[in-house]
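Predicted model only: the values in this text are computed from it and were never measured. Sequential numbering from 1 along the given sequence is applied to the chain's residues.
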Amino acid sequence: NDGTDPDCYGTLTANSYNIIGNVTSNCTIENLDLATNSINTDPDLTVSMQSDATLNYYGFNSAATSPAVNSIPAATCSEILGGTVVDQLNNPRVGYCDIGAFEYQDTTLPVITVTDDTITANTVECSDTYTDAGATATDDIDETLTDAVETTNPVDTQTLGDYTVTYAVSDLSNNENTAARTVSVVDTTAPQLTLTGEDAVSVYLNDTYTDEGATTSDVCDSTVSVVTTNPVDTSTPGTYTVTYTATDVSNNTGTATRTV
């Protein structure tokens with residue numbers, strides 16, 4: 001560890017002679033023998049190699065102040081390393097050998113994929129129920145993170161417009177990434193009209209005809225009203241069609257008729 005939190009997540013199994021720094025509540029260490037392991041100790045490492053922009057390996061610093069230097073007894077050192085005569089700093093080995101400590105530093109963002117990011121999936125009719133398809137997430141170290149994706153869904157299907165649904169996920173190294181989809185609430189449904197009274201009526205010649213009108217309702221527009229076109233002329237025998245029209249704010253038009 002390079003001396004900064006956090007350095008340990010999940011479960012680690014200790015095999016003898018480990019120096020573990022900054023153990024957090026996110027870390028469980030199994031098989032931990034405090035006679036041969038040191039915890040919550042800064043290993044005092046510095047970057048010794050950087051393979052790319054996202055991966056650092058930490059090794060002993062030039063001052064050799066790391067407690068990992070000369071940590072393993074001579075017998076164990078010879079058994080494991082075959083009697084190597086120099087340590088990792090290329091100094092003569094004096095009875096003890098070093099712990100080959102390094103830290104992997106993960107700075108790669110998780111990858112979020114929006115599920116079914118299509119026009120069909122991202123369009124919902126006004127007043128319908130919107131069920132978000134969600135997103136999946138993967139990480140090069142933590143692998144599958146789909147269950148950790150947090151969704152912010154502001155979609156209100158009672159109100160026309162475009163909404164942004166966002167997805168966020170963090171890996172165990174606190175690298176966070178986000179993704180989004182745009183959901184459009186639309187109104188393509190015409191208002192419904194209901195005649196008051198019968199759809200076919202008769203009136204005597206020269207009598208007064210009083211039309212009973214119609215009512216209307218719309219899934220998204222509560223202010224829609226009915227426009228009536230009434231050509232009935234009771235002084236002239238014949239069949240007339242009374243037309244009722246309602247147009248909502250999305251310019252969807254519904255009609256109904258009555259025969260007189």
Side-chain angles (χ1 to χ4, degrees), residues 110-138 145-170 176-260:
V111 176
I112 301 182
T113 303
V114 178
T115 303
D116 196 13
D117 192 15
T118 62
I119 293 177
T120 300
N122 295 343
T123 303
V124 59
E125 189 72 19
C126 187
S127 295
D128 280 358
T129 299
Y130 171 69
T131 302
D132 191 74
T136 59
T138 58
L145 291 174
T146 299
D147 290 344
V149 175
E150 295 183 357
T151 302
T152 302
N153 178 5
V155 176
D156 176 9
T157 61
Q158 300 299 317
T159 305
L160 298 174
D162 292 334
Y163 298 85
T164 300
V165 179
T166 57
Y167 311 95
V169 70
S170 297
E176 183 179 13
N177 202 1
T178 60
R181 82 166 79 235
T182 299
V183 177
S184 299
V185 177
V186 300
D187 178 14
T188 62
T189 304
Q192 293 185 335
L193 290 102
T194 303
L195 297 180
T196 303
E198 302 296 326
D199 61 358
V201 298
S202 297
V203 61
Y204 287 106
L205 183 69
N206 293 321
D207 275 3
T208 299
Y209 171 67
T210 302
D211 190 75
E212 294 186 81
T215 60
T216 186
S217 62
D218 186 77
V219 295
C220 212
D221 183 2
S222 60
T223 65
V224 65
S225 59
V226 179
V227 176
T228 302
T229 302
N230 178 4
V232 176
D233 178 5
T234 60
S235 66
T236 304
T239 300
Y240 297 85
T241 299
V242 179
T243 303
Y244 310 94
T245 304
T247 301
D248 62 22
V249 292
S250 298
N251 289 320
N252 301 303
T253 299
T255 60
T257 60
R258 188 196 317 270
T259 302
V260 179

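Just one residue in the list Thr120, Asp116, Asn122 forms a side-chain hydrogen bond (donor to acceptor under 3.5 Å, both in side chains) with Thr118, and that residue is Asp116. Looking at Thr178, Asp132, Thr115 one by one, the single match for side-chain hydrogen bond (donor to acceptor under 3.5 Å, both in side chains) with Tyr167 turns out to be Asp132.
In this structure, Thr157 and Asp128 have side chains that are not in contact, with every pair of non-hydrogen atoms separated by 4.5 Å or more. When side chains are defined from C-beta on, Asp233 counts as touching Tyr240, because their heavy atoms get closer than 4.5 Å. Within the 4.5 Å cutoff, side-chain heavy atoms of Asp187 are placed close to those of Asp248. Residues Glu125 and Thr189 have side chains in contact (heavy-atom distance under 4.5 Å, counting atoms from C-beta outward). Looking at Arg258 and Asp211, their side chains come closer than 4.5 Å, going by heavy atoms from C-beta outward. Counting heavy atoms from C-beta outward, Thr216 and Thr194 have side chains that stay 4.5 Å or more apart. Asn252 has its side chain within reach of Pro191: a pair of non-hydrogen atoms, C-beta onward, lies under 4.5 Å apart. In this structure, Val183 and Val124 have side chains that are in contact, with non-hydrogen atoms separated by less than 4.5 Å.
In Glu150, the CD atom is not crowded: 12 or fewer heavy atoms of neighbouring residues, nucleotides or ligands sit closer than 6.0 Å. For Leu205, the CG atom counts as densely surrounded, since its 6.0 Å shell holds more than 12 non-hydrogen atoms of other residues, nucleotides or ligands.
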Run the side-chain contact (heavy atoms from CB on, under 4.5 Å) check on Val226 and Leu193 step by step: do they pass?
CA-CA 8 Å; Val226 179; Leu193 290 102; 4.0 Å; yes

Begin with the C-alpha distance, continue with both residues' side-chain angles, and end with the deciding distance and a verdict on side-chain contact (heavy atoms from CB on, under 4.5 Å) for Ser127 and Gln158.
CA-CA 5 Å; Ser127 295; Gln158 300 299 317; 3.5 Å; yes

I would like to know whether Leu160 and Cys220 meet side-chain contact (heavy atoms from CB on, under 4.5 Å); could you show each step before the answer?
CA-CA 8 Å; Leu160 298 174; Cys220 212; 3.6 Å; yes

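The minimum heavy-atom distance linking Asn206 with Ser235 is given by the pair OD1-CA, 3.4 Å. Nearest heavy atom pair, residue Ala256 against residue Leu195, reads CB-CD2, 4.2 Å.
Side-chain contact, Thr253 with Thr247: a donor N or O sits under 3.5 Å from an acceptor N or O. Between the side chains of Thr151 and Asn153, no donor-acceptor pair of N or O atoms lies under 3.5 Å. Side-chain contact check for Asp207 and Tyr209: no donor-acceptor pair (N or O, by modelled atom type) lies under 3.5 Å. Between the side chains of Asp162 and Ser184, at least one donor N or O lies within less than 3.5 Å of an accepting N or O. Neither side chain, Tyr244 nor Asn230, offers a donor N or O lying under 3.5 Å from an acceptor on the other.
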